[in-house]
Amino acid sequence: MTLEQLGNLGELIGSLGVIVSLIYLGRQIQQQNVITRAQFGHSLTQRLYERYFQTSKDEAYAEFMALDWASDNLTPVESWRVQMAILTYLVDLFDVYDKVHAGLVDQSHLDTRINTLKLGVMKTTNAKMVWSYWKNNRSPDFVHWFENEIYGEGSHIGDIDIDGDLSEQEQSAHSKLNTRR
């Protein structure tokens, strides 16, 4: 075997090594993507479990969750707490929506959250106030999707004067909130 043939053989072996290394690297990346998706899914599920568990173990929190969030008799403090709870749900939904559209988690995580919000929480005056403010932080695609899911096709919550939809008592309580001063 000549020196040139040995050189060619060395190059062939080197090329095969590169190909095998790239295949191995591709498999590693694929496995890491599966692991990452599973971790994101687990963390999203864990968030829900923590809320459910807090409700079952914390009597004061359970009483708050049991309030009629659509009531005209909520105090300004109760309205504020309701709005912060709704904002928490929305931030969670924003995160899940983004992860679903990035392909990092399964659609079922988003479906679970949107179906919960469809139960009526987002139709309360407090929820509409929160949404009318926070929708400005989201893309038009998200706003369109969300409003169609929650309020139905063609609705534009937040494009209206929300104060005009409030009772006198709600307007009085609403005017006392820090975000309105």
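What you are looking at is a predicted structure, and each value in this text was computed from that prediction instead of being measured.
- A donor-acceptor contact shorter than 3.5 Å is absent between the side chain of Asp92 and the backbone of Thr88.
- Put simply, the side chain of Tyr61 never gets that close to the backbone of Ser56: no donor and acceptor are under 3.5 Å apart.
- No donor-acceptor contact under 3.5 angstrom links the side chains of Thr124 and Asn126, judged on distance only.
- For the pair Tyr133 and Asn137, the tightest heavy-atom approach, listed with the atom from each and the gap, is O-ND2, 4.5 Å.
- Asn115 contributes a side-chain N or O that, together with a main-chain N or O of Asp111, makes up a donor-acceptor pair within less than 3.5 Å.
- Trp134 CH2 to Gln83 CD: the interatomic distance, rounded to the nearest 0.5 Å, is 12.0 Å.
- The heavy-atom pair separating Thr55 from Ala62 by the smallest distance is O-CB, 3.4 Å.
- Aromatic pair Phe146/Tyr97: ring centres not closer than 6.0 Å.
- With salt bridges taken as basic N to acidic carboxylate O contacts below 4.0 Å, one links Asp98 and Arg138.
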Could you give me the CA-CA distance, side-chain angles and deciding distance for Ile86 and Leu90, then say whether side chain to side chain contact (heavy atoms under 4.5 Å, CB included) is met?
CA-CA 6 Å; Ile86 291 166; Leu90 288 176; 4.3 Å; yes
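- A salt bridge (Lys or Arg N to Asp or Glu O under 4.0 Å) check over residues 4-29, counting only residues at least two apart or in different chains, returns nothing.
- Crowding of Leu6 atom CG: a count of heavy atoms from other residues, nucleotides or ligands under 6.0 Å exceeding 12.
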Begin with the C-alpha distance, continue with both residues' side-chain angles, and end with the deciding distance and a verdict on side chain to side chain contact (heavy atoms under 4.5 Å, CB included) for Ile114 and Ile150.
CA-CA 8 Å; Ile114 199 70; Ile150 298 296; 3.7 Å; yes
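- Considering CG of Asn73 and CG of Asp68, their distance stands at 9.0 Å, rounded to 0.5 Å.
- What you find for Lys128 and Met122 is that their closest heavy atoms are CG-O, 3.8 Å.
- One distance of note links CG of Leu117 with NZ of Lys123; it measures 11.0 Å at 0.5 Å rounding.
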Checking Trp131 against Val143 for the side chain to side chain contact (heavy atoms under 4.5 Å, CB included) test, could you report, in this order, the C-alpha distance in whole Å, the side-chain angles of both residues, the deciding distance, and whether it holds?
CA-CA 10 Å; Trp131 174 242; Val143 171; 4.1 Å; yes
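- In this structure, the side chain of Ser71 does not engage the main chain of Leu67 through any donor-acceptor pair within 3.5 Å.
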Walk me through whether Ser139 and Asp141 qualify under side-chain hydrogen bond (donor to acceptor under 3.5 Å, both in side chains).
CA-CA 5 Å; Ser139 70; Asp141 288 339; 5.1 Å; no
Show your working on side chain to side chain contact (heavy atoms under 4.5 Å, CB included) between Glu149 and Lys118 and close with a plain yes or no.
CA-CA 8 Å; Glu149 288 289 325; Lys118 284 181 180 180; 2.8 Å; yes
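- Closest of all the heavy-atom pairs between Ala127 and Val121 is CB-O, 3.1 Å.
- When only modelled atom types and interatomic distance are considered, Glu78 and Trp69 share no side-chain donor-acceptor pair under 3.5 Å.
- Between Val130 and Met84 there is no side-chain heavy-atom pair separated by less than 4.5 Å.
- Rounded to the nearest 0.5 Å, atoms CE (Met65) and CZ (Arg81) are 10.0 Å apart.
- More than 12 heavy atoms of other residues, nucleotides or ligands lie within 6.0 Å of CD in Gln5, so this atom counts as buried by the packing criterion.
- Side-chain contact between Phe64 and Glu59 is absent, with no heavy atoms from C-beta onward closer than 4.5 Å.
- The distance from the CD1 atom of Ile13 to the CG atom of Asn8 is 11.0 Å, given to the nearest 0.5 Å.
- Residue Val18 belongs to a hydrophobic cluster whose other members are Leu22, with links defined by side-chain heavy atoms closer than 4.5 Å.
- For the atom pair CD of Glu63 and CG of Asp58, the computed distance is 9.0 Å after rounding to the nearest 0.5 Å.
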